[in-house]
Amino acid sequence: LFNLQKLYLTDANTKKYSNFAPQNIPKLHVVINDLHYGNKALGKLEVQTQPAGNGLQVMSLVMNAENFILEGTGKWMQVGKVMQSFLQGKCTSKNAGDALKQLHFTESMAKGSGILTFALEWHGAFYDIDTPSLNGSVKVNIQKGRIINLGAKTEAEMGIGRLLSILGLQTLPRRLTLDFSDLIKDG
């Protein structure tokens with residue numbers, strides 16, 4: 001068991017180890033109670049691995065952050081001089097808007113509970129996702145959230161959508177009672 005209270009990483013830290021061979025990593029159980037990557041507070045990380053032929057099997061990866069929980073498994077393999085990584089799992093959040101803010105992705109969502117399931121693969125190290133070679137599937141299900149603060153152009157385009165929704169058959173009973181509350185709320 002390898003237990004760290006804090007670990008703060010930057011891009012410079014991870015690029016330094018890009019030639020590390022996964023088949024040389026022994027069986028590990030790592031717990032990091034306070035993980036940061038750049039300016040992102042990622043919370044507690046627990047990873048369990050074991051050697052697997054030409055690579056490393058990630059038996060369990062659990063990241064428990066303030067606004068989300070990520071759970072997954074994966075592989076990091078080296079075939080010849082080419083590294084290939086695989087990660088599958090799910091990410092759940094009781095407040096997707098706060099989770100997206102915490103990760104510095106966007107502030108255009110408010111609230112919303114949800115689950116994101118994924119199965120991804122890419123060329124390169126497990127800890128360094130290579131976006132040009134990233135391939136796989138992602139399914140997102142967010143409920144009771146609102147999209148906000150999109151910008152003037154997008155909000156103007158959405159204004160046309162709101163106008164068309166006044167005429168929609170689904171909203172006809174609401175309009176007959178002069179209920180326009182869904183049109184005047186933010187989001």
> Minimum heavy-atom separation for Met77 to Pro22, with atom names?
Replying inline: C-CG, 4.1 Å

> At their closest point, which heavy atom of Gln78 faces which heavy atom of Lys81, and how far apart are they?
Replying inline: NE2-CA, 4.1 Å

> How about Asp130 and Asp128: do any of their side-chain heavy atoms sit closer than 4.5 Å?
Replying inline: no

> With a 4.5 Å heavy-atom cut-off, do Val31 and Leu1 have their side chains touching?
Replying inline: yes

> Tell me, do Asp34 and Gln5 make a side-chain contact under 4.5 Å, heavy atoms counted?
Replying inline: no

>> Show the nearest heavy-atom pair for residues Ser85 and Ala125, with the distance to one decimal.
In response: OG-C, 3.2 Å

> Any link between Met59 and Val47 through a network of hydrophobic side chains (Ile, Leu, Val, Met, Phe, Trp, Tyr) touching at under 4.5 Å?
Replying inline: no

>> I'd like to check Trp76 versus Met83 (side-chain heavy atoms, cut-off strictly below 4.5 Å). Are they in contact?
In response: yes

> Which distance, rounded to the nearest 0.5 Å, do you find between the CD of Gln50 and the NE2 of His29?
Replying inline: 13.0 Å

>> Does atom NZ (Lys101) have a neighbourhood of more than 12 heavy atoms from anything else shown, all under 6.0 Å?
In response: yes

> Taking all atoms of both residues into account, what is the closest heavy-atom pair of Leu42 and Ala65, and its distance?
Replying inline: O-CB, 3.5 Å

> Distance from Ser60 atom OG to Gln48 atom CD, nearest 0.5 Å?
Replying inline: 5.5 Å

> Just checking, any donor-acceptor pair under 3.5 angstrom between side chains of Thr73 and Gln88?
Replying inline: yes

> Are Lys75 and Glu121 side-chain neighbours, meaning at least one heavy-atom pair lies under 4.5 Å?
Replying inline: no

> Out of curiosity, does Leu103 fall in the hydrophobic cluster containing Leu120 (side-chain heavy atoms, cut-off under 4.5 Å, transitive links)?
Replying inline: yes

> Can you tell if the side chain of Gln102 reaches within under 4.5 Å of the side chain of Phe68, non-hydrogen atoms only?
Replying inline: yes

> Taking C-beta and beyond as the side chain, do Phe118 and Leu87 meet within less than 4.5 Å on heavy atoms?
Replying inline: yes

>> With heavy-atom distances below 4.5 Å as the criterion, would you say the side chains of Leu70 and Val62 are in contact?
In response: no

> Should the pair Tyr8 and His36 be assigned to parallel (<30°), tilted (30 to 60°) or perpendicular (>60°) ring geometry?
Replying inline: parallel

>> Can a donor-acceptor pair be found, under 3.5 Å and without considering hydrogens, that links the side chain of Thr117 to the backbone of Lys90?
In response: no

> About how many Å separate CG of Asn95 and CG of Asn67, when rounded to the nearest 0.5 Å?
Replying inline: 6.0 Å

>> Let's go through Trp122 and Phe86 carefully: what are the C-alpha distance in whole Å and the side-chain angles of both, what is the deciding distance for ring-ring contact (aromatic ring centres under 6.0 Å, His included) to 0.1 Å, and is it a yes or a no?
In response: CA-CA 7 Å; Trp122 62 93; Phe86 304 88; 8.1 Å; no

> Should we count NZ of Lys40 as having more than 12 external heavy atoms under 6.0 Å?
Replying inline: yes

> Could you give the distance from CG (Leu100) to OG (Ser93), rounded to the nearest 0.5 Å?
Replying inline: 7.5 Å

>> With a 4.5 Å cut-off on side-chain heavy-atom distances among I, L, V, M, F, W and Y, is there a chain of contacts connecting Leu7 to Phe126?
In response: yes

> Hey, any chance Ile129 and Leu61 share a hydrophobic cluster, counting ILVMFWY side chains that come within less than 4.5 Å of each other, even indirectly?
Replying inline: yes

> So how far is it from Leu35 CG to Leu45 CG, rounded to the nearest 0.5 Å?
Replying inline: 5.5 Å

> Same cluster for Leu28 and Met63 if Ile/Leu/Val/Met/Phe/Trp/Tyr side chains link at under 4.5 Å?
Replying inline: yes

> If you measure from CG on Leu4 to CG on Asn33, what distance do you get to the nearest 0.5 Å?
Replying inline: 8.5 Å

